[in-house]
K.L.:
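Attaching a single structure in structure tokens format; questions to follow.
Heavy atoms only: backbone and side chains are in, while hydrogens, waters and symmetry mates are out. Naming: A, B, ... by sequence-line order, numbering from 1 per chain.
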Amino acid sequence: MSKKFHKNQENSNGFQPVPPKPNFPEIEHRILEFWEKSKHFEKLRAKNKGKKKFSFLDGPITANNPMGVHHAWGRTYKDLFQRFYAMLGYDQRYQNGFDCQGLWVEVEVERELDFKSKRDIEQFGIDKFVEKCKERVLKYSAIQTKQSIRLGQWMDWDNSYYTMSDENNYTIWYFLKKCYEHGWIYKGTDVMPWCARCGTALSEHEIVTEGYRELTHPGLYLRFPIIGKEKEYLFVWTTTPWTLTSNVAAAVHPEIIYVKVKKDDAIYYLAKSRLPILFEKPYEVLAEIPGKELVGLTYQGPFDELEAQAGVIHRVVAWDEVSETDGSGIVHIAPGCGKEDFELGKIENLAVIAPLDENGYFLPKFNWLTGKNVKEVNEAIFKDLERKRILHKVEDYTHRYPVCWRCDSELVFRLVDEWFIKMDELRFQIMESAKQVRWIPEFGLERELDWLTNMQDWCISKKRYWGLALPIYQCNCGHFEVIGGKEELKSKAVEGWDKFEGHTPHRPWIDEVKIKCPKCGAKTQRIPEVGNPWLDAGIVPFSTTRYLTDNKYWQAWFPFDFITECFPGQFRNWFYAILAMSTVLEGKTPFRTLLGHALVKDEKGEDMHKSAGNVIWIEEAAEKMGADVMRWIFIGQNPTINLNFGYTVARETTRKLLTLWNVYSFFITYARIDKPQIGTDKPQMSTDKTLSVLDRWIISRLNSMIKLVRERLMDYDPVPTIREIERFIDDMSLWYVRRNRRRFWKSEDDKDKLTGYHTLYECLMKLVKLIAPYMPFLAEELYQNLVVSVDKKQPESVHLCDYPDSDTTLIDNKLEAEVALVRELVSLGHAAREKAKIKVRQPLSKATVFAPKTNDNKLLEPYINVIKDELNVKEIELLEVDREAPQVAKYSIEIDTRLTPELENEGFSRELVHKVQNLRKEAGFEVTDRIRLYYKTSSRLETAIQAFKSYIQNEILATELLEADREVPQADLTKDLRINGEPAKLTLSKIRR
RNA sequence: GGGCCUGUAGCUCAGUUGGUUAGAGCAUCCCGCUGAUAACGGGAAGGUGAGUGGUUCGAUUCCACUCAGGCCCA
């Protein structure tokens with residue numbers, strides 16, 4: 001076969017030349033500009049406007065920091081499905097959301113201003129502080145917008161929603177009023193995990209996993225003197241010395257066996273199982289007593305002298321939660337300092353002593369401790385206990401202890417008043433809503449139900465500044481009411497409306513407004529607390545769809561078809577909040593399908609944390625690997641499993657995409673030379689007789705792929721589509737193009753070659769549209785060159801195209817199976833050659849295929865030539881064998897390794913061609929350059945050259961093969977080398993015109 | 001203590017009505033190919049499918065229990 005190319009390559013049919021390797025970031029920047037300039041997103045929206053709707057709800061991202069790649073996973077899904085539905089012709093809202101209010105923003109602003117406590121904020125001025133918070137949100141929402149655009153996300157960026165908006169806040173008021181009318185809002189007292197630095201309780205929702213640290217605290221062993229028994233003591237253990245100030249009881253497990261033990265001249269009570277661990281011999285066990293017999297004893301508390309302790313009777317109580325694994329089996333109880341203690345206290349009717357103020361300082365009535373910070377009192381307390389002969393010993397104890405998830409301070413437990421939504425009635429209604437949702441993965445429902453079963457009342461208040469102004473107005477008389485909107489507040493305002501008007505409903509401005517208590521008539525003001533931020537995010541299904549102002553619009557888009565967010569945490573946060581709020585307002589779920597995904601970790605599997613320095617920011621990843629590569633990685637990841645993200649995995653992915661690029665580049669290269677009339681003279685894929693077996697095969701594969709991709713995407717299951725597309729790219733490259741390469745080299749512009757072009761073009765064009773939602777940049781780049789450059793009538797962007805649909809009549813499963821078998825046989829043949837150590841370039845006479853008798857072996861007939869060519873053998877012999885043992889492979893291959901002189905000659909000639917081709921490249925010749933080849937070699941090789949002279953000339957484009965032992969005129973390159981062991985001196989000379 | 005998830009090759013992971021010989025990529029070793037070329041291909045090696053028991057003609061797959069890791073709740 002010869003490779004005669006058209007000389008005039010410039011005069012192409014519109015296809016632009018393709019660089020050998022893609023530069024993804026460069027392409028992406030160019031495409032971003034192109035989209036921006038040509039307003040493709042706007043055109044897409046206009047195209048689909050008014051058609052059937054796909055309603056997607058974006059979960060708001062906290063606009064507080066730039067986004068790392070761990071945010072890109074979810075964003076990629078969001079974009080994938082919105083683009084997919086857009087290409088299916090669905091109308092969409094494309095609204096992005098920012099979460100704005102809450103402690104996380106406050107903490108960052110405090111950091112910026114170097115504030116240490118709430119006092120600093122109040123000195124600075126709440127108004128100025130709140131403005132700073134707003135500024136920060138605007139700054140980072142802008143940054144996040146830019147990052148999202150870089151990732152390729154198409155959204156209506158000018159119309160993003162902000163949870164700090166008036167609409168959002170007032171819609172929450174409306175929701176809270178509904179709850180109030182049901183009687184679900186109440187002010188409760190509870191012991192809450194409390195951050196003394198932030199001066200606020202952390203709701204249950206916020207004590208997340210990262211909110212625990214391995215910490216070492218002093219473990220104190222104490223002896224509490226029993227009243228009425230000389231020198232007898234309860235042996236008690238605690239890790240929080242400051243809570244001893246508020247001790248009111250000691251708890252024992254009623255069923256555990258305790259011992260009365262004499263050590264030195266004192267008698268102690270403790271759990272029997274702990275005795276050998278805590279006490280060194282000698283000691284004397286005087287009695288064994290079940291815990292329940294200790295109940296009712298009274299003892300002298302460790303801090304009875306404090307005013308706060310006045311009148312408290314300390315007694316031993318029974319408690320099932322007492323364990324024997326730590327401590328002494330007798331637990332110190334301070335209901336004002338611990339959640340479980342508080343619960344127990346309610347049952348046992350114990351006194352509640354609360355020692356700390358909101359910043360962690362001891363309150364009055366704690367004598368010498370008053371005014372001291374809880375973090376600084378340990379040493380003094382040890383000394384005091386020692387002096388009172390209560391302290392037995394101190395031992396370091398390491399345990400998981402909660403810390404503030406935003407500022408990392410150790411939490412304390414504090415008795416506080418907070419506002420709650422009662423969940424008793426709602427719980428089951430929300431569960432019903434949750435069951436209406438399709439959860440992907442399915443176990444999501446169980447997780448959510450588990451949370452809903454176990455959750456307690458929703459603590460909605462926070463003693464902070466930047467957040468929803470809770471519209472709760474409580475009068476000194478005790479009565480409170482909840483305001484449901486701006487107009488209602490205005491109508492009830494008796495003071496301060498003028499000072500508020502014109503401001504957003506935030507502190508401090510909103511607090512100017514006073515209303516009249518309907519019960520007693522007194523002037524009443526808003527409670528100072530702000531709202532839990534999950535109220536902000538929970539209302540967005542309503543606030544963003546004009547629930548209160550435009551019912552028609554709301555009806556059109558609610559409930560949402562689809563949401564997708566990161567799983568961990570959101571069960572009790574966003575998913576919970578939107579389910580809860582929608583259940584209250586509409587009695588049903590706000591979304592139909594939820595796709596949840598796991599976390600992005602770094603390459604080593606470690607959490608990505610700003611503080612750990614292992615976060616990869618979106619821009620960095622985009623510039624180093626390309627946004628498309630990143631997206632491909634995310635979409636291919638099993639959503640239930642954490643993704644270890646990094647540049648190693650990116651390199652692997654890039655290589656896969658390079659294969660696609662190579663096929664594309666191959667097509668363009670030859671299409672530019674041959675100028676086939678693409679698009680005008682298309683063969684009918686179903687009927688055209690010029691289609692070869694391989695043409696029909698790849699077209700079948702193409703349609704199988706399209707079918708699978710559409711089905712799986714419809715089902716929100718993208719992982720198999722990635723595998724299928726990668727497999728198709730491999731099929732195209734490794735089999736279709738490789739097997740057809742010479743077809744494209746042929747000089748004659750015949751029908752067969754044209755069919756090849758059409759077939760490959762069909763594959764590439766459909767594939768490019770298919771991957772457009774996945775890799776919007778690469779798809780656009782290829783589409784512009786493959787389609788727009790040759791046919792201006794086509795849509796101007798790939799994203800304005802219809803999504804490809806499969807033609808199932810072109811799917812031939814039998815054919816696909818046959819080709820798979822052929823490839824398997826070729827592989828077996830290669831293995832046989834490998835075993836015989838004979839390289840593929842050396843032709844052999846025969847290969848024998850052993851096939852099972854039962855199969856229809858005629859099916860291999862059309863492929864015999866392919867197998868011959870792949871294995872470089874002259875003949876394929878097909879033998880049917882009876883194989884009874886089922887464990888023997890179906891097919892096997894043997895090769896005839898005997899070499900005749902003719903075969904050897906051919907082997908020499910193939911080897912020579914191979915070497916010369918390398919020399920041509922080395923000499924820098926064009927593919928189409930003609931040469932003269934001069935050689936000097938052994939007589940063995942000379943014989944082979946003579947035998948295959950015309951073959952060699954054709955392959956290397958040599959006008960002449962000349963034996964030469966003298967200097968060669970116009971030599972371009974001369975090399976001494978060995979051809980299958982025979983020495984040869986080769987000289988190449990380009991023919992110049 | 002309860003709930004959920006995971007456990008497959010050295011590493012990262014696929015694998016559905018239960019069915020011949022459990023796959024891919026990376027890494028390793030060997031070889032090849034060569035005008036798609038700083039690319040690519042083939043082959044080898046690598047597995048008690050976490051463990052035990054059960055259902056079944058047959059279990060990586062279904063069930064029970066155990067172990068290990070992760071997450072949530074208490």
K.L.:
Hey, does A/Thr453 reach any base, or is it just sugar-phosphate, or nothing, if we go heavy atoms under 4.0 Å?
P.N.:
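Answer is nothing: A/Thr453 stays at 4.0 Å or more from every strand.
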K.L.:
Answer with base, sugar-phosphate or nothing: what part of the nucleic acid does A/Val826 contact at a heavy-atom distance below 4.0 Å?
P.N.:
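The residue A/Val826 makes no contact with any strand.
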K.L.:
Output one line per pair: protein atom, nucleotide atom from nucleotides 37-40 of chain B, and distance, for all N/O pairs under 3.5 Å.
P.N.:
residue	atom	partner	partner atom	Å
B/A39	O2'	A/Asn662	ND2	3.2

K.L.:
Just checking A/Val663: base, sugar-phosphate only, or nothing, at a heavy-atom cut-off of under 4.0 Å?
P.N.:
base
K.L.:
Mind pulling the stems RNA chain B is in, i.e. runs of at least three Watson-Crick or G-U pairs, everything under 3.5 Å?
P.N.:
B:1-7 with B:67-73, B:10-13 with B:23-26, B:28-32 with B:40-44, B:50-54 with B:62-66
K.L.:
Select base, sugar-phosphate, or nothing to describe what A/Ile641 touches, counting heavy atoms under 4.0 Å on all strands.
P.N.:
sugar-phosphate
K.L.:
Could you give the distance separating B/A59 and B/G53 at their C1' atoms, to the nearest angstrom?
P.N.:
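The answer is 13 Å between these two C1' atoms.
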K.L.:
Fit a plane to each ring of A/Trp73 and A/Tyr77, take the angle between them on a 0 to 90° scale, and name the class: parallel (under 30°), tilted (30 to 60°) or perpendicular (over 60°).
P.N.:
tilted
K.L.:
Provide, to the nearest angstrom, the distance between the CG atom belonging to A/Asn872 and the P atom belonging to B/G42.
P.N.:
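Going from A/Asn872 (CG) to B/G42 (P), I get 17 Å.
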K.L.:
Between N or O atoms, less than 3.5 Å apart, protein on one side and nucleotides 1-5 of chain B on the other: list the pairs.
P.N.:
residue	atom	partner	partner atom	Å
B/C4	O2'	A/Arg447	NE	3.3
B/C4	O2	A/Arg447	NH2	3.4

K.L.:
Provide the closest heavy-atom pair for A/Met455 versus A/Arg427 in the form atom of the first, atom of the second, distance.
P.N.:
O-NH1, 2.8 Å
K.L.:
Drop me the distance from A/Tyr716's OH to A/Thr564's OG1, to the nearest 0.5 angstrom.
P.N.:
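Those atoms lie 10.0 Å apart.
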